[in-house]
Chemist: 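Structure in structure tokens, see below.
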Amino acid sequence: MSFSTTTFVTFLSGETFTSTLPQWLSFIFLSPCPQRVLLSALNVLLLLTLFVISIIKLCSKFKSKSSVGNTNELNHIRNNDTSFVRTSCWFKLTLTATVVLIILYIVACVIVFTSSSSTKVAWNQIDGLFWLVQVITQAVIAVLVIHEKKFGAVTHPFWLRIYWIAYFIIISLFTASGIMRLVSLDEAENKDLFIFKVDDIVSFISLPVSLFLLIFAVKGTTGISIVSSEVTEPLISEEIKLYGDNLSTSEVTAFASASFVSKAFWIWINPLLSKGYKSPLKIDEVPTLSPEHRAERMSLLFESKWPKSNERSEHPVRLTLLRCFWKDLAVTAILAIIRLCVMFVGPVLIQSFVDVTSGKGSSIYEGYFLVLILFVSKFIEVLTTHHFNFSAQKLGMLIRCTLLTSLYKKGLRLSCSGRQDHGVGTIVNYMAVDTQQLSDMMLQLHAVWMMPVQLGIGLFLLYNSLGASAVTALVGLIGILIFVVIGTKRNNTFQFIVMKNRDKRMKAMNEMLNYMRVIKFQAWEEHFNANIMRHREAEFASLTKFMFSICGNMIIMWSTPLVISTVTFGTAILLGVKLNAATVFTTTTVFKILQEPIRAFPQSMISLSQAMVSLGRLDRYMLSKELSNDSVESEEGYFDQTAVEVKDGTFSWDDDSLQRDLKNINLVINKGELAAIVGTVGSGKSSLLASILGEMRKISGKVRVFGSTAYVAQTSWIQNGTIEENILFGLPMDRDKYNEVVRVCCLEKDFEMMEYGDQTEIGERGINLSGGQKQRIQLARAVYQDCDIYLLDDVFSAVDAHTGSEIFKECVRGALKGKTVVLVTHQVDFLHNVDLILVMKDGLIVQSGKYNDILESGVDFKALVSAHDTSMELVEQSAVVPGENSIKPTKSLVAAPNHNETNGESNSIEQPKSAKGSSKLIKEEEKETGKVSLRMYKLYCTEAFGWWGITGVIVLSLLWQASMMASDYWLAYETSEKRAQVFNPSMFISIYAIIAAIGIIIVVARSYSFTTIGLKTAQIFFTQILHSILHAPMSFFDTTPSGRILSRASTDQTNVDILLPLFLGIIIAVYISLLGVLFVTCQNSWPTAFLLIPLVWLNLWYRGYFLSSSRELTRMDSITKAPVIHHFSESISGVMTIRAFRKQKIFCQENIKRVNANLRMDFHNYSSNEWLGLRLELLGSLVFCISTMFMIVLPSSIIKPENVGLSLSYGLSLNAVLFWAVYMSCFIENKMVSVERIKQFTNIPSEPSWNLKDRLPPPNWPSQGNVDIKDLQVRYRPNTPLVLKGITVSISGGEKIGVVGRTGSGKSTLIQVLFRLVEPSGGKIIIDGIDITVLGLHDLRSRFGIIPQEPILFEGTVRSNIDPTGQYTDDEIWKSLDRCQLKEVVASKPEKLDSLVLDNGENWSVGQRQLLCLGRVMLKRSRLLFLDEATASVDSQTDGVIQRIIREDFAACTIISIAHRIPTVMDCDRVLVVDAGIAKEFDKPSILIQRPSLFGALVQEYANRSTGL
């Protein structure tokens, strides 16, 4: 078939009218021109129809507005506002088909307009217009299809269906004629028909698409369905019921209901940005996520896609994520492809522009067409770039959200050994680090496959311009790619080492903050400081390598275009390729475009490998052993008399090992019975409770529990919140029941003492409560839950004798009467009154029965009782002496509690009375608002080397930009037409190479100098904050959660370590590059200069408008992230309690609530970034296109063709450079917040000096141990009531003093004042003639010994725990272990002194921890020893041993001992009774017992409680 345009002309002249009809028909339907006329007519008809319909609709709209009574025309489509639209795959396919056609026609349009066939210029332009009409028509149809969704149209309009049928027929004709041409054309004709080739390719591709559209036209349905609110209402109410009212606290994001156009240009976020611009945004002003993005939905989606048990997937997390998000991944990939297609339009057009300006244009309109194509391609590029970024970030956010909730749920199901395998710290790491890594990887994922494609397109363009010399460019690019890959690999090795060292440092800091009280008591700050600084030095060394390695990579990236251009042009000259302006600047532009993928590729490969590692870690965690639900047969309701039954039970804490922690357990506890479990330290008492709860692995046997369980752990677990929230534990408030619970748990007096009562906020881990208060709040929580079976693990250890008896009478025997209670205890006195006693030894129940029955039948119980009796003998003798009269005053003393008492127990709850009266102990985190002050920038830039450093960097950056521009101007000058005659290749390439070399030297100097400044500044900041924290007084740690300090030491310090040095250097370079681009663009099209002022103004305005919201969103993101992680680690720590009460659901909901609160900040932050980027890049593109237009309009005498090439090569990057300049400055400002936050904590008010050179005490002080306290007054903070109200006591050296008193009477405060953890408000303390307030704190504290209330061990070894500062020999350590009864235990372990101690001594029983703390003091050999309830957690037998050791080993020392157990103070020389902060009595125990006294009352109670209970 050889129809061509000439045939068409002949036909019109009338010659073929005589031909036959078939020929005539084949001409009409199978020739290019008539086909084009047919399709264009169809398109114009469609557009006209649409136009008419739109006009009619508009008129009817105005009419309906004027007449109120009129009903909406669209009512037949969707008459229910509360209903919502669902779309099926039909709708998505229709839209996809239309979008494919748009892209196809755009490509055809660009090819036709840019083809340089001079013979058919007019035809080219007509053909180009034809394709442009196609693009417009398909774009209009796409908008129409989207509108169908908005209005919920169920069927396509009739005229659109007719159009699609006709369209299919015409495209079939196009394809048929294409096939015929392809078959019949010979070589000669082939050369002329380039346009028809394009034609054919397009028709071949569009045929299957038009077939799809034909099917849609015949089918008629849109794939849209409307779901009425009646169907969805129950779902929504269910969701609200499930997730509380956190859905309704702030309105749903506008994104959820935004139209297509609004989403395309981020118009929906305008109201939020406008609000943020007027006043700083507050947390509740940020809308919640749209329902499809919320954590609750993502969590259910993840669970539904998790591989079934028969699928046996090795990588379940990866598989599940792919199943959940493959569609989102596909969308981002499509956006990436579109962006890739339009990216290279600019470089392709440079040749045409140079031709037009040098007068070689084919038509007067060609220039305008070129500018139009340039603008359209830039517009599409900008739009797809930002939608790609947004979609990738949103996908990352959804992945993080899905994982956070799923990891949390898993954490609540982990078995004990599963928890130990991972550790709380590691599990928190999975949540904080690994999920973030997967989230961040989404942006870089597509760079992996896009880089080779981009490289291929780039090389094709180079080959077109330079021929064979493109091979050199290829070799050069591959060389640089290899270098960057190696460099990036090296970076990652260094980064891994940095992270490892940072983890170690953070672990050390975390431990220091957790145990700050002990560290201050023992004066170990310098040791911990040295330890943290050692970790920091290692981190800093690897950080320096890492930063310098990154510098190396960046230097290569900055110099790539220069180096490769030099080599390529050199080769081109050698091969004799003619270099002109168009060729040269096309080449440099392509190199600039290829710079980005080469830079991104290695990093994306590494991100991918890191993500794979993270996925592996998450797989291991998600596949960890869970508690088996069938280890305990739990049966609700009342079947028979049995409450708890264990038959032949063997249990292990470890899931895999053969070790058996409990063996042959047989027990039956009946309903309503009180059973007690006793035994020596480490005999398996707590394990027995755990086995009943199902927390241990059941190896064999049967456990049955009839009814619901409540559990009170030995180590109290208290949540951060008010006391009331802790007691209610998720149940609604029943005031009468609540008050009764508070009464029976003896908390009424504590609440009276606290300024805000039960509304007092508890710090992290109950930091501001005494041990006794924590234990009683835990007990109250259990009692309020009203369960059937109560498992109480040593609840009396932390309370004094009187409170213990009260609780036993009122709570265990009162409120819990009729309930089944299993009690682990060391208090032998209570055992007369229990129904069943179980005696444990080495994981076996060796005796069980009533008190009297088992007393005779075996040795183990007898040993416990006799140890207790020995200590009681003295008490009872004393108690008997005074006769009956002493009891009477006792009762009155007990019955009349002092209501004005203040709480003096450890770190009391005294709050400063604020104007508003807030119950918050934990201060709200300071959140700066508004701009980061310029002072912060000055501080950061000048901290290391003053003003000289930063000035040097700026000068180097200016020189570098000058060298870059010099090389381009040299290119333009040498390739101009008038130089063509005198062109000297060797001089051209030599000078170009010299300029390149100078540029590289400058960029090396600039990069390394700025990195050095940044690193030095980071180290200075870290030293400052660590010094400040270590010198802070104890009150600072009581009111500041450790998370707040840690976030500064981790996130903020990382920003200062890595991000600020990197990006501040880059931003200086980007701003200077921007000046260069604007200079070149304006120089060659001078009218553009007039656009600069509005451009700069708009950019600055946009920056300010965006930053005011972005800054607050970033700050709120940090603030909402911490509670997610804090709640996670808190839940993992208390998982046994949560599971015992079956509160997993409530905790999961709280986790979801916190995740949603954090993600909405992320989502709106991403959206605002893209909102800014789109607007700035469109502005830049517009200015660039206008300046290009000026180049075409201005006469060629003014515009030199070579300068057009130069301007275009610079101008093509204007939009990106403009955006990056503004965006990076915003990014830096957000990161500068870290400097601000670190600086906040470098100015904490300090406690007094550690060492005072001029006031050193004598080396052997205190030599006697005399203590004189004169009128001592103490308050915790200014304006709070006195806690100690004028105590005067004199203690002689070598005396043993017992301090007793009710809980909260001020006993622990007394010890804190002696160590000056709290400074006295009045009075004096004189020890061996020296007033302690004049000494340095370390000189004072290091001379005293103390065994604190809570035995604290640090992660490490037995050696590092007993002698942290490394002062003693192994022999001395073994001796002290021998004295404190631990030698056998330690010697039996394979590593001996290097045996492992887990964090907080988790792998040692509480009693063993207490003994280790005793060992510490024995090494110290101090003349003054303080015991703060040192034996609260051990049984009477061990207590007796400890007391004996203390008596023997510390015979010559002054001992001040706070005690709950009366026997421990009975053998003291004197007893001090403290009541409500006043020293009520101070005398020998025997004398105090003789007369009516508070002490007598306490002793009487203790002696009577066994019988009186």
Side-chain angles (χ1 to χ4, degrees), residues 437 440-441 443-456 458-459 462 470-502 538-568 571 590-614 616 960 993 996-997 999-1012 1014-1015 1057-1059 1061-1063 1065-1066 1069:
Q437 245 172 6
D440 295 342
M441 196 245 334
L443 255 181
Q444 299 170 322
L445 182 65
H446 296 292
V448 175
W449 59 266
M450 275 166 59
M451 195 281 300
V453 180
Q454 271 166 299
L455 209 54
L459 288 168
L462 288 176
V471 176
T472 322
L474 173 64
V475 173
L477 286 170
I478 289 172
I480 282 171
L481 191 61
I482 290 168
F483 183 90
V484 173
V485 167
I486 294 168
T488 315
K489 220 170 174 182
R490 187 182 58 230
N491 290 350
N492 275 64
T493 311
F494 288 144
Q495 188 184 13
F496 179 71
I497 300 167
V498 170
M499 282 169 73
K500 214 163 75 178
N501 289 328
R502 185 184 304 133
E539 181 190 3
F540 188 70
S542 50
L543 182 69
T544 307
K545 287 179 187 165
F546 175 56
M547 292 300 283
F548 282 159
S549 174
I550 285 185
C551 269
N553 261 17
M554 286 179 67
I555 288 163
I556 294 296
M557 294 323 302
W558 288 111
S559 0
T560 299
L562 278 174
V563 174
I564 294 203
S565 305
T566 311
V567 177
T568 310
T571 315
V590 168
F591 286 145
K592 280 179 190 166
I593 289 179
L594 291 180
Q595 205 178 352
E596 208 263 330
I598 287 177
R599 182 191 57 74
F601 178 70
Q603 192 46 55
S604 54
M605 287 297 288
I606 277 147
S607 283
L608 190 63
S609 67
Q610 281 178 344
M612 286 320 223
V613 171
S614 288
W960 174 72
I1000 292 168
I1001 291 165
I1002 295 169
V1003 84
V1004 169
R1006 187 198 68 186
S1007 296
Y1008 282 110
S1009 54
F1010 198 85
T1011 306
T1012 309
L1015 285 168
D1057 280 348
I1058 297 174
L1059 296 179
L1062 269 183
F1063 289 107
I1066 291 176

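Because the structure is predicted, anything quoted here is derived from the model rather than measured.
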Chemist: Using every non-hydrogen atom in the two residues, find where Thr566 and Ala996 come nearest and quote the distance to one decimal.
Modeler: OG1-CB, 3.9 Å
Chemist: Does the side-chain contact (heavy atoms from CB on, under 4.5 Å) test come out yes or no for Leu562 and Phe591, once each step is laid out?
Modeler: CA-CA 9 Å; Leu562 278 174; Phe591 286 145; over 6 Å; no
Chemist: Can you name the nearest heavy-atom pair linking Met441 to Ala611, along with the distance?
Modeler: CE-CB, 3.7 Å
Chemist: Checking Ser549 side chain against Lys545 main chain: does a donor-acceptor pair fall under 3.5 Å?
Modeler: no
Chemist: What's the separation between atom OG1 in Thr1011 and atom CZ in Phe546, rounded to the nearest 0.5 Å?
Modeler: 11.0 Å
Chemist: From Gln454 CD over to Met450 CE, what is the distance, rounded to the nearest 0.5 angstrom?
Modeler: 4.5 Å
Chemist: Any side-chain to backbone donor/acceptor pair from Ser1007 onto Val1004? Under 3.5 Å, distance only.
Modeler: no
Chemist: Atom CZ of Arg1006 and atom CD1 of Ile1001: how far apart are they, to the nearest 0.5 Å?
Modeler: 14.5 Å
Chemist: If every non-hydrogen atom of Trp960 is compared with every non-hydrogen atom of Gly999, which pair is closest and at what distance?
Modeler: CD1-O, 3.5 Å
Chemist: Should Gln437 and Val613 be marked as a side-chain contact (heavy atoms from CB on, under 4.5 Å) after you check the CA-CA gap, both sets of side-chain angles, and the distance that decides it?
Modeler: CA-CA 10 Å; Gln437 245 172 6; Val613 171; over 6 Å; no
Chemist: Compare every heavy atom of Asn501 with every heavy atom of Ala538, then report the nearest pair and how far apart it is.
Modeler: O-ND2, 3.3 Å
Chemist: Where is the tightest heavy-atom contact between Gly476 and Ile564, given as atom of each residue plus distance?
Modeler: C-CD1, 3.6 Å
Chemist: Given Leu543 and Phe540, is the side-chain contact (heavy atoms from CB on, under 4.5 Å) satisfied, shown in steps?
Modeler: CA-CA 5 Å; Leu543 182 69; Phe540 188 70; 4.1 Å; yes
Chemist: In Å and rounded to the nearest 0.5 Å, what is the CG to CZ distance from Asp1057 to Arg502?
Modeler: 6.5 Å
Chemist: Can you tell me how far the OG1 atom of Thr472 sits from the CG atom of Leu462, to the nearest 0.5 Å?
Modeler: 10.5 Å
Chemist: Is there a side-chain contact between Ile1058 and Gln495 in this structure, where contact means two heavy atoms from C-beta onward sitting under 4.5 Å apart?
Modeler: no
Chemist: Measuring from Leu455:CG to Leu459:CG, what's the distance to the nearest 0.5 Å?
Modeler: 5.0 Å
Chemist: I would like to know whether Leu1062 and Phe1010 meet side-chain contact (heavy atoms from CB on, under 4.5 Å); could you show each step before the answer?
Modeler: CA-CA 8 Å; Leu1062 269 183; Phe1010 198 85; over 6 Å; no
Chemist: Might you point out which heavy atoms bring Ile550 and Asn491 nearest each other, and give the distance in Å?
Modeler: N-OD1, 3.5 Å
